[in-house]
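Everything below concerns the one structure shown next.
Chain letters run A, B, ... following the sequence lines, proteins first and then strands; every chain starts at 1.
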2 protein chains.
Amino acid sequence: MVFTEPQHCSIDLRLRILSRLPFFKDLPAKAVEEINRHFVEMDYQRGERIYTAGDPAERLYVVADGKVRLLQHAESGKDVLLGILGSGEFFGNLAALGTAVHIDTAEAHTPICALSVRSEDFRQILDEHTGLALRALEVLGERLSAANQRVLLISAMPVDRRIAFMLLEISRKFGRQEEMGLLIDMPLSRDDLAEMTGATPETVSRVLSQLQSGGVITSGRQWIAITDRQKLEAQAGA
Amino acid sequence: MVFTEPQHCSIDLRLRILSRLPFFKDLPAKAVEEINRHFVEMDYQRGERIYTAGDPAERLYVVADGKVRLLQHAESGKDVLLGILGSGEFFGNLAALGTAVHIDTAEAHTPICALSVRSEDFRQILDEHTGLALRALEVLGERLSAANQRVLLISAMPVDRRIAFMLLEISRKFGRQEEMGLLIDMPLSRDDLAEMTGATPETVSRVLSQLQSGGVITSGRQWIAITDRQKLEAQAGA
DNA sequence: CGAGACGTTGAACCTATTCAACACTGGTGG
DNA sequence: CCACCAGTGTTGAATAGGTTCAACGTCTCG
């Protein structure tokens with residue numbers, strides 16, 4: 001089970017990504033080309049930091065290829081994995097105006113290619129194209145509702161349900177149908193799941209072992225596939 | 001310790017609230033008056049529901065006077081209190097376009113007067129006044145970052161620190177200096193704090209007793225005052 | 001005045017963490 | 001090329017933090 005991702009993205013990909021974005025997909029091709037000029041391409045190795053919480057938020061990013069982890073740190077050293085972003089998703093500080101700082105940390109979960117704009121330029125793009133800001137509002141709204149969902153999950157549900165729930169969530173976004181079942185198409189360790197569910201890696205391991213012996217999932221080093229979605233949903237819902 | 005709030009808001013208040021909003025404060029007075037016409041005034045008793053999760057999100061609200069609770073429900077019946085809003089804050093679905101539904105529930109924490117617009121009208125207001133959408137982005141951004149902070153808090157800190165932290169947070173927003181200390185200027189029960197910190201009312205009671213005997217706070221039925229902010233910060237930070 | 005909401009405190013219990021030992025895997029360097 | 005080592009995963013046993021259950025006191029409001 002190997003997850004390889006190209007580390008560079010072609011010029012083609014770059015324009016395709018931008019025009020496919022919910023933000024820009026209603027704009028005329030010419031406008032997208034114009035907007036494209038404000039973006040620069042940036043590549044990162046797996047595990048590399050793109051920005052760190054506390055840094056001034058001068059740029060905004062879009063994932064072109066690969067996966068990005070959004071983290072939040074506690075002084076205790078314990079990290080929380082807020083989410084994993086795939087191709088076409090924004091990160092940085094969408095609402096950044098003036099001299100805001102990043103509230104989270106972004107790092108490459110796989111080798112990635114990202115497109116990046118200066119916040120001011122993006123702001124100007126929003127100003128120039130009416131309706132774009134409303135799109136941004138939608139995106140932020142979805143993120144907010146996901147975050148609230150997460151608060152509910154962590155504060156009102158036991159670990160096993162949290163983990164089942166999170167697996168469903170992730171598979172909805174990154175699942176790919178394979179003979180073995182619905183494979184989560186990216187590296188995903190016990191630690192990752194632990195940081196997403198507010199649990200410890202040991203507990204995640206125990207719960208996954210449970211699920212595996214129940215025939216609900218199949219898993220190995222850094223990968224998980226769902227073999228029985230119904231059962232998993234039951235686990236998450238009961 | 002009694003918290004009385006007027007249940008109706010005068011026409012004066014209505015215009016004052018709107019023009020004081022971060023959204024509208026840079027607009028000419030005439031524009032605010034025009035916008036004002038789209039808003040209607042609505043009053044609610046303490047505990048009354050304004051909308052419930054799952055309802056179609058047809059309206060957007062601003063707190064004119066009083067406090068509003070934003071809740072999220074788990075099927076288990078356990079509720080999570082996402083936040084308490086005071087005068088001038090928006091609620092409803094800021095990003096609502098098309099036929100979205102409410103993701104949270106809003107209820108009157110105190111008797112309130114709210115101003116309300118139809119989502120479509122608000123959308124049109126955003127279209128007509130450039131820059132307003134950017135303001136909305138800011139607000140949503142702040143909410144998102146607060147929600148993420150909350151996830152970190154609940155999943156990476158022990159209860160006593162969570163409670164201390166939350167008290168500081170709330171006092172920053174609703175604190176009023178009194179002889180006894182920094183009084184949280186609204187009814188606040190053990191249950192409220194429990195629902196905000198992912199704890200049980202019993203645990204909150206124990207922690208507060210601890211803080212009280214340490215001379216950090218003074219509290220009674222439905223109220224809390226901070227007598228030693230330094231100590232509380234130490235409790236939250238260590 | 002009575003009833004119900006709110007708050008406190010104790011004791012038993014349980015879930016999940018912590019600590020620890022061990023197994024497997026993959027990549028790196030000698 | 002193989003050995004080794006760091007990263008990953010598993011499992012067990014002890015522990016602890018917080019919940020749950022229960023009983024009781026107190027305040028407020030109708």
- Given atom CH2 of W223(A) and atom P of dG26(C), what is their separation to the nearest angstrom? 12 Å
- Query: In this structure, which one of K67(B), R46(B), R49(B) forms a salt bridge (charged side-chain N to carboxylate O under 4.0 Å, His left out) with E107(B)?
  - Reply: R49(B)
- Grab the NZ-C1' distance between K78(A) and dT17(C) for me, whole Å please. 9 Å
- Query: Are T200(B) and dT19(D) close enough that a side-chain N or O sits under 4.0 Å from OP1 or OP2?
  - Reply: yes
- Task: Could you tell me whether P201(A) contacts a base, only the sugar-phosphate backbone, or nothing, with contacts defined as non-hydrogen atoms closer than 4.0 Å?
- Result: nothing
- Query: Taking only N and O in the side chain of S205(A), is any of them less than 4.0 Å away from OP1 or OP2 of dT10(D)?
  - Reply: yes
- Rounded to the nearest 0.5 Å, what separation is found between the CG atom of L168(B) and the CG atom of L232(B)? 4.0 Å
- Item | Rounded interatomic separation in angstrom, taking CD from Q222(B) and P from dA5(C) | 12 Å
- Task: Please state how far atom CD in E202(A) lies from atom P in dC22(C), giving the value in whole angstrom units.
- Result: 16 Å
- Query: Hey, mind stepping through K173(B) and E89(B) against salt bridge (charged side-chain N to carboxylate O under 4.0 Å, His left out) and telling me if it holds?
  - Reply: CA-CA 12 Å; K173(B) 193 166 169 185; E89(B) 293 190 277; 3.1 Å; yes
- Residues E202(A), R206(A); criterion salt bridge (charged side-chain N to carboxylate O under 4.0 Å, His left out); working and verdict: CA-CA 6 Å; E202(A) 291 95 330; R206(A) 282 181 244 271; 6.0 Å; no
- Calculate the interatomic distance between Q210(B) atom CD and dG17(D) atom C1'; express it in whole Å. 14 Å
- Spacing between E195(A) atom CD and dT17(C) atom C1', to the nearest angstrom: 16 Å
- Query: Does the side chain of R190(A) get closer than 4.0 angstrom to OP1 or OP2 of dT10(D) through an N or O atom?
  - Reply: yes
- In terms of side-chain heavy atoms of R206(A), which of dG9(D), dA16(C), dT18(C) is nearest? dT18(C)
- Message: Students often get this wrong, so: under 4.0 angstrom with heavy atoms, is T203(A) touching a base, only sugar-phosphate, or nothing?
- Response: base
- Query: Within this structure, what is the CZ-to-C1' distance between R221(A) and dT10(D), rounded to whole angstrom?
  - Reply: 13 Å
- Item | Spacing of D191(A) atom CG relative to dT17(C) atom P, expressed in whole Å | 13 Å
- Message: For a quick check of understanding: with a heavy-atom distance under 4.0 Å over all strands, which category does G47(A) fall into, base, sugar-phosphate or nothing?
- Response: nothing
- Message: Is there a side-chain contact between S209(A) and the phosphate of dT11(D), meaning an N or O under 4.0 Å from OP1 or OP2?
- Response: yes
- Just checking, any donor-acceptor pair under 3.5 angstrom between side chains of S145(B) and N148(B)? no
